[in-house]
Protein chains: 2
Amino acid sequence: MQIKHYSHQNRMLVAIDCIIFGFDGLHLRLLLIKRGFEPEKGRWSLMGGFVHADESFDNAAARILKQLTSLDNVYLEQLYAFGNPHRDPVERTASITYFSLIDINQYEKQISHEYHAEWFHLKKIPSLIFDHKEMIKMAKGKLRYKAAFHPVLFELLPNKFTLPQMQNLYEDVYESVIDKRNFSRKILSTGLLIKQNHKDRESSKKGAYYYKLDKRKYMRNFNAFLNFIPNHKI
Amino acid sequence: MQIKHYSHQNRMLVAIDCIIFGFDGLHLRLLLIKRGFEPEKGRWSLMGGFVHADESFDNAAARILKQLTSLDNVYLEQLYAFGNPHRDPVERTASITYFSLIDINQYEKQISHEYHAEWFHLKKIPSLIFDHKEMIKMAKGKLRYKAAFHPVLFELLPNKFTLPQMQNLYEDVYESVIDKRNFSRKILSTGLLIKQNHKDRESSKKGAYYYKLDKRKYMRNFNAFLNFIPNHKI
DNA sequence: TCAAAAGTGTTGTCCTTACACCCATGT
DNA sequence: ACATGGGTGTAAGGACAACACTTTTGA
């Protein structure tokens with residue numbers, strides 16, 4: 001006998017919420033939108049949406065991210081499934097959260113104004129709906145954890161970037177000060193950076209050399225362990 | 001206006017599946033059951049069940065684990081949400097997987113025969129339903145990742161254990177051979193072990209000293225980074 | 001007395017850290 | 001000329017990895 005349904009079981013809505021990080025050259029930032037429907041319409045929220053009937057979670061997350069940013073092929077990784085029965089007061093809704101790292105400059109080119117999105121400094125996150133604050137906290141933890149061993153923060157950097165910019169990024173992620181001599185030695189020792197022969201002349205008088213990521217090596221070595229952060233705690 | 005439902009959205013079943021690891025003193029093992037209902041009745045499967053209407057995912061996982069093992073307070077951590085639309089052929093069912101580490105001796109005392117459960121050696125996993133093989137693969141990866149930096153494998157060990165037993169466990173998890181001198185130095189340097197003054201005389205002639213875990217230090221230091229495995233790859 | 005597993009120490013290498021000065025440029 | 005941030009080298013200490021012999025005891 002062919003079974004058609006699991007009877008008497010509870011079905012629920014499943015949504016995706018995206019925790020979207022960006023980096024503006026000085027600080028790590030988080031992209032939030034103004035919620036466009038009830039309840040809580042008009043309050044700040046993570047970008048999200050319901051999973052469609054014939055869509056995997058990964059596809060739903062990519063679709064939702066693209067809706068907001070118009071970007072394809074960005075770094076997107078499942079973070080955690082939030083399933084508290086009353087997290088959405090309207091109706092039981094599970095949220096599968098995804099963690100995204102995007103190049104803020106790519107975003108700026110493609111910006112959609114439909115969602116009233118803004119980049120927030122991580123120290124200045126406004127009040128958010130539901131359990132979104134908890135989601136962000138977990139995403140920050142995961143970013144630290146991952147970046148301590150994998151070169152994942154390159155996903156946040158533009159095509160060309162300088163070592164001082166990179167150091168700003170690491171210092172912001174770990175909320176700590178890093179010695180620039182040790183930092184540059186460690187980063188360069190990965191062999192992932194290709195020095196360019198021109199400088200960024202905007203952020204200092206002397207100018208800092210641009211580097212590009214060696215994409216081939218990056219792909220190959222992504223899962224190798226690195227150890228970027230001295231004395232890091234999670 | 002009070003909203004009662006999100007209209008026109010797709011609702012789905014949400015299930016929990018538990019990847020349950022144990023350690024018998026020599027080898028890492030995985031607990032599987034014989035599925036008790038259609039479809040795929042009688043085939044090997046992870047222990048699972050549907051999330052009830054008013055139950056969080058964590059609570060559902062703990063309930064389902066207890067159903068099989070009769071154990072409370074075991075190590076249980078969310079692993080990943082599997083959401084492929086056709087992963088269950090009957091009806092769309094998301095699976096939130098949980099990763100569990102239990103002391104196999106506790107389990108043996110409490111065994112429930114209702115599910116025809118068996119412990120499988122990780123090299124000899126039988127054919128499994130749906131995407132359960134993929135779940136196990138991910139769980140193995142996470143176990144390695146986590147155990148490389150956190151003392152989580154203690155969850156698999158009985159109250160009293162010997163260093164050779166512990167080393168067997170680490171060697172099994174990482175499928176590699178570890179130098180016992182370096183291993184004991186590293187493990188003991190954590191300060192987490194309390195040497196007992198009697199020996200296990202069963203597994204060797206000379207006998208190996210028992211140790212107990214210093215639970216207080218274990219709790220306090222769980223999130224500190226360790227580095228147990230030389231040259232480990234994920 | 002022999003076999004089998006437990007237990008223990010040393011050394012060289014490499015990685016990590018701490019630290020200070022010179023350079024290039026715009027104002 | 002000076003202030004600002006960029007770029008580089010060295011030395012000391014600690015962690016890690018490689019390695020071999022002695023001990024205990026049951027058979």
Side-chain angles (χ1 to χ4, degrees), chain A residues 25-27 147-149 151 157 160-172 174 176-212 221 224-233, chain B residues 25-27 147-149 151 157 160-172 174 176-212 221 224-233:
Chain A
L26 282 173
H27 291 293
F149 303 109
L157 292 166
K160 293 189 306 186
F161 51 86
T162 66
L163 285 184
Q165 277 170 13
M166 255 190 102
Q167 184 166 343
N168 285 340
L169 173 54
Y170 274 88
E171 291 186 338
D172 228 38
Y174 291 98
S176 62
V177 178
I178 302 174
D179 181 277
K180 64 179 173 180
R181 291 159 290 189
N182 294 335
F183 182 78
S184 82
R185 191 176 326 113
K186 193 173 274 186
I187 292 290
L188 293 174
S189 77
T190 62
L192 291 174
L193 296 193
I194 304 166
K195 190 172 187 169
Q196 306 302 110
N197 50 23
H198 55 297
K199 288 180 167 186
D200 164 32
R201 304 216 159 266
E202 299 204 347
S203 46
S204 76
K205 292 167 185 168
K206 183 175 178 181
Y209 279 106
Y210 278 118
Y211 287 83
K212 285 189 175 183
N221 294 335
F225 273 101
L226 301 172
N227 199 352
F228 286 137
I229 306 306
N231 304 319
H232 63 277
K233 309 278 175 278
Chain B
L26 281 174
H27 290 293
F149 303 109
L157 291 166
K160 293 189 306 186
F161 51 85
T162 66
L163 286 184
Q165 277 170 14
M166 255 190 101
Q167 185 167 342
N168 285 340
L169 174 54
Y170 275 88
E171 291 186 339
D172 229 38
Y174 291 97
S176 63
V177 178
I178 303 174
D179 181 276
K180 64 180 172 178
R181 292 160 288 189
N182 294 335
F183 182 77
S184 82
R185 190 178 325 112
K186 194 173 272 188
I187 292 289
L188 293 174
S189 77
T190 62
L192 291 173
L193 295 193
I194 304 166
K195 190 173 189 170
Q196 307 302 108
N197 49 23
H198 54 296
K199 288 180 166 186
D200 164 30
R201 304 215 157 266
E202 299 203 348
S203 46
S204 78
K205 292 167 184 167
K206 183 174 177 181
Y209 279 105
Y210 279 118
Y211 287 82
K212 286 188 173 182
N221 295 336
F225 273 102
L226 302 172
N227 199 351
F228 286 138
I229 307 307
N231 303 320
H232 64 278
K233 310 275 176 278

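Throughout, a chain's letter reflects where its sequence line sits, starting with A, and its residues are numbered from 1.
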Side-chain donor/acceptor of B:Y210 to backbone N/O of B:L163, under 3.5 Å: no
Rounded distance (Å) that lies between atom P of D:dG6 and atom CE of A:M166: 15 Å
d(CG, B:L188; C1', D:dA15) in whole Å: 16 Å
Interatomic distance where OH belongs to A:Y209 and P belongs to C:dA24 [whole Å]: 9 Å
Given D:dC19, D:dA3, D:dG7, the nucleotide with the shortest approach to the side chain of A:K205: D:dA3
Interatomic spacing from CD in A:Q196 to OG1 in A:T162 - rounded to 0.5 Å: 12.0 Å
Length of the CG-C1' vector between B:D200 and C:dG7, whole Å: 15 Å
Comparing B:K180 and A:S204 on DNA chain C - which has the more 5′ nearest nucleotide: B:K180
Under 3.5 Å: donor-acceptor pair, side chain of A:Q167, backbone of A:I178: yes
Atom-pair distance (CG on B:N168; C1' on C:dA6), nearest Å: 13 Å
Of the listed nucleotides C:dA6, D:dG7, D:dT4, the one nearest the side chain of B:P164: C:dA6
Rounded distance (Å) that lies between atom C1' of C:dC14 and atom CG of B:N182: 15 Å
Protein-nucleotide distance (A:K186, atom NZ; C:dT16, atom C1'), rounded to Å: 7 Å
Sugar-phosphate, base or nothing in reach of A:K199, heavy atoms under 4.0 Å: nothing
Rounded distance in Å - CD (A:E202) to P (D:dG6): 14 Å
Ring centers of B:F161, B:Y211 separated by less than 6.0 Å: no
Heavy-atom side-chain proximity of A:L188 to A:K195 below 4.5 angstrom: no
Nearest listed nucleotide, side chain of B:K206, among D:dT25, D:dT24, C:dC23: D:dT24
Presence of B:R181 side-chain N/O under 4.0 Å of C:dG7 phosphate oxygens OP1/OP2: no
Sugar-phosphate, base or nothing in reach of B:R185, heavy atoms under 4.0 Å: base
